[in-house]
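I have placed the structure first, in the form of structure tokens, so that the comments after it can refer back to it.
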Amino acid sequence: MIGRSLSALACAALLSGCYATASPPPVAEAPVPQLSADQLRELTPAEKATLSKGFAGGLKDPDSAKFQWTRVPKVLPADGMIDYCGLVNAKNSYGGYIGAQPFIGTIQVSKGKILTGAVGAVGDPTPMYREILPKMCRDKGLDPFAVSAS
């Protein structure tokens, strides 16, 4: 009897640090609603100039950056950041233009005015990676390919 008790106690002691945990269920993110055309506006020339400086700052050759702009919400937040996706064509390390690639970034807003922007990532034209960044934009309700005519 004592042998069984000791065996049970030894097993309990060995297993006391082991326990199964269930993984939390995956959290399904609600899709971000895309703003309708009447809720969007073109960037002004002054806003494009401001954003060009901020967005180009993280590129290998900032002076070569040529942006194709998408629209922004007509009503900007009073203060904070908004996500932004567009297209940029810039020179690579070899001095050649890579072609228009989607990018994702943020725009900093203060008192309802655009202050600056920063690029978070530029798309990779390699077939294996080509769809990653556009999907990130779509997941945020943005379309980097919905560039303005101007």
Side-chain angles (χ1 to χ4, degrees), residues 11-150:
C11 285
L14 285 173
L15 296 176
S16 65
C18 301
Y19 57 91
T21 59
S23 299
V27 177
E29 291 186 28
V32 177
Q34 211 164 10
L35 296 175
S36 64
D38 63 330
Q39 295 173 305
L40 298 171
R41 67 171 177 82
E42 302 290 331
L43 290 163
T44 67
E47 289 170 333
K48 288 178 184 178
T50 297
L51 289 174
S52 289
K53 290 178 191 171
F55 286 157
L59 301 175
K60 289 185 189 227
D61 185 350
D63 295 331
S64 71
K66 297 177 182 178
F67 292 96
Q68 293 180 37
W69 304 101
T70 57
R71 296 173 175 207
V72 295
K74 283 182 180 176
V75 179
L76 295 171
D79 293 300
M81 306 290 262
I82 61 170
D83 293 318
Y84 185 82
C85 289
L87 297 175
V88 63
N89 188 7
K91 291 183 179 179
N92 61 17
S93 303
Y94 301 106
Y97 279 95
I98 60 171
Q101 299 300 316
F103 73 91
I104 188 167
T106 57
I107 295 175
Q108 183 179 359
V109 179
S110 178
K111 298 179 183 168
K113 304 283 185 203
I114 293 176
L115 292 182
T116 190
V119 168
V122 176
D124 187 330
T126 309
M128 187 167 138
Y129 301 109
R130 188 174 296 143
E131 285 303 312
I132 293 173
L133 198 127
K135 181 185 180 323
M136 290 171 58
C137 289
R138 285 190 302 272
D139 288 348
K140 294 179 173 291
L142 304 169
D143 182 0
F145 301 107
V147 296
S148 304
S150 56

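When all heavy atoms of P77 and V109 are compared, the pair lying nearest together is O-CG1, 3.0 Å. Counting all heavy atoms, side chain and backbone alike, P134 lies closest to P102 at CG-CG, 3.9 Å. When all heavy atoms of Q101 and G123 are compared, the pair lying nearest together is OE1-O, 3.9 Å. Closest heavy-atom contact between A65 and A90: CA-CB, 4.1 Å. Taking every heavy atom of both residues into account, K91 and S64 meet most closely at N-OG, 2.9 Å.
Taking the side chain as every heavy atom from C-beta outward, V122 and L133 never approach each other to under 4.5 Å. With contacts defined as side-chain heavy-atom distances shorter than 4.5 Å, the pair C85/K140 does not qualify. In this structure, D139 and K135 have side chains that are in contact, with non-hydrogen atoms separated by less than 4.5 Å. In this structure, the side chains of L115 and T50 stay at 4.5 Å or more apart for every pair of heavy atoms. No side-chain heavy atom of W69 sits under 4.5 Å from any side-chain heavy atom of E47. Using a 4.5 Å heavy-atom cutoff, the side chains of V72 and R41 are in contact. Counting only heavy atoms from C-beta outward, the side chains of L76 and I114 approach each other to under 4.5 Å. Contact check for L87 versus F145: side-chain heavy atoms found under the 4.5 Å cut-off.
Judged by the 6.0 Å distance and 45° axis criteria, K66 is positioned over the aromatic ring of Y97.
No side-chain donor-acceptor contact under 3.5 Å links R71 to the backbone of E42. Under a 3.5 Å cut-off, the side chain of K74 and the backbone N or O of D38 do form a donor-acceptor pair. A donor-acceptor pair under 3.5 Å links the side-chain atoms of D79 to the main chain of K111, judged by distance alone. When atom types are taken as modelled, the side chain of T126 and the backbone of Y129 share no donor-acceptor pair closer than 3.5 angstrom.
With values rounded to the nearest 0.5 angstrom, C137 atom SG is found 12.5 Å from I132 atom CD1. Taking OG from S148 and CG from L43, the interatomic distance works out to 7.0 Å, rounded to the nearest 0.5 Å.
Of the options L142, T70, T106, L51, a side chain to side chain contact (heavy atoms under 4.5 Å, CB included) to Y84 is made by T70 and by none of the others.
The aromatic rings of F67 and F103 sit perpendicular to each other, their planes meeting at more than 60°, with 30° as the lower class boundary.
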Next item on the list: Could you walk me through whether E131 and R138 pass the side-chain contact (heavy atoms from CB on, under 4.5 Å) test, one step at a time?
Entry: CA-CA 10 Å; E131 285 303 312; R138 285 190 302 272; 3.7 Å; yes
Checklist line | Residues D83, I104; criterion side-chain contact (heavy atoms from CB on, under 4.5 Å); working and verdict | finding: CA-CA 7 Å; D83 293 318; I104 188 167; 5.6 Å; no
